Amino acid sequence: GFLLGTSFRSAADREPKDTRESREQRPVRKRTGGGAMPAPSEHSFAAKVRSEPSDRLARLNRSVMSLINKIAPDNLKTIVNRLAMIELDTAEELQQVIATVFK
């Protein structure tokens, strides 16, 4: 019968096991990648979006923005505490955090 465009064969419709080719007897087909999506190149937009920022300021900005986007009335104190726990090594990093918070 047919179900959603797929046909199913009953056991009576199938070939007997002894006449079917065994896995060892079948020729090995090599996959050529035909029909599959190509792997994204290292310079593609998707690869850049998924990759982590490379420098410290970019990672810092990303983590601050992530915390700011999570702020809600019921978790404000928790988020403020997490922002306060971010370790800043230079004045430039502090300026970056301040600029991000007050954007």
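The shown structure was predicted, so the numbers you read here are calculated from the model rather than taken from an experiment.
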(request) Check the pair Leu88, Leu60 against side chain to side chain contact (heavy atoms under 4.5 Å, CB included), reporting the backbone distance first and the verdict last. (result) CA-CA 9 Å; Leu88 303 174; Leu60 184 63; 3.8 Å; yes

(request) Please name all residues satisfying side-chain hydrogen bond (donor to acceptor under 3.5 Å, both in side chains) with Glu93, sequence neighbours left out, ordered by chain then number. (result) Arg56

(message) Which residues pass the side-chain hydrogen bond (donor to acceptor under 3.5 Å, both in side chains) test with Ser63, not counting sequence neighbours?
(response) none

Just to verify, what does [X] make a side chain to side chain contact (heavy atoms under 4.5 Å, CB included) with, not counting sequence neighbours?
X     : answer
Ile68 : Val64, Thr100, Val101
Ile98 : Leu94, Phe102
Val80 : Leu76

(request) Starting at CG of Asn81, measure out to CG of Leu67 and round the result to the nearest 0.5 Å. (result)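 CG of Leu67 is found 11.0 Å from CG of Asn81.
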
(message) Taking salt bridge (charged side-chain N to carboxylate O under 4.0 Å, His left out) as the cut-off, I'd like each qualifying pair that reaches into residues 71-87, sequence neighbours left out, listed once.
(response) none

(message) Main chain of Met65, side chain of Asn69: is a donor-acceptor contact present, judged purely on distance under 3.5 Å?
(response) yes

(message) When you measure from the side chain of Asn75 to the backbone of Lys70, do you find a donor-acceptor pair of N or O atoms at a distance under 3.5 Å?
(response)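 Yes, because the side chain of Asn75 sits within donor-acceptor range (under 3.5 Å) of the backbone of Lys70.
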
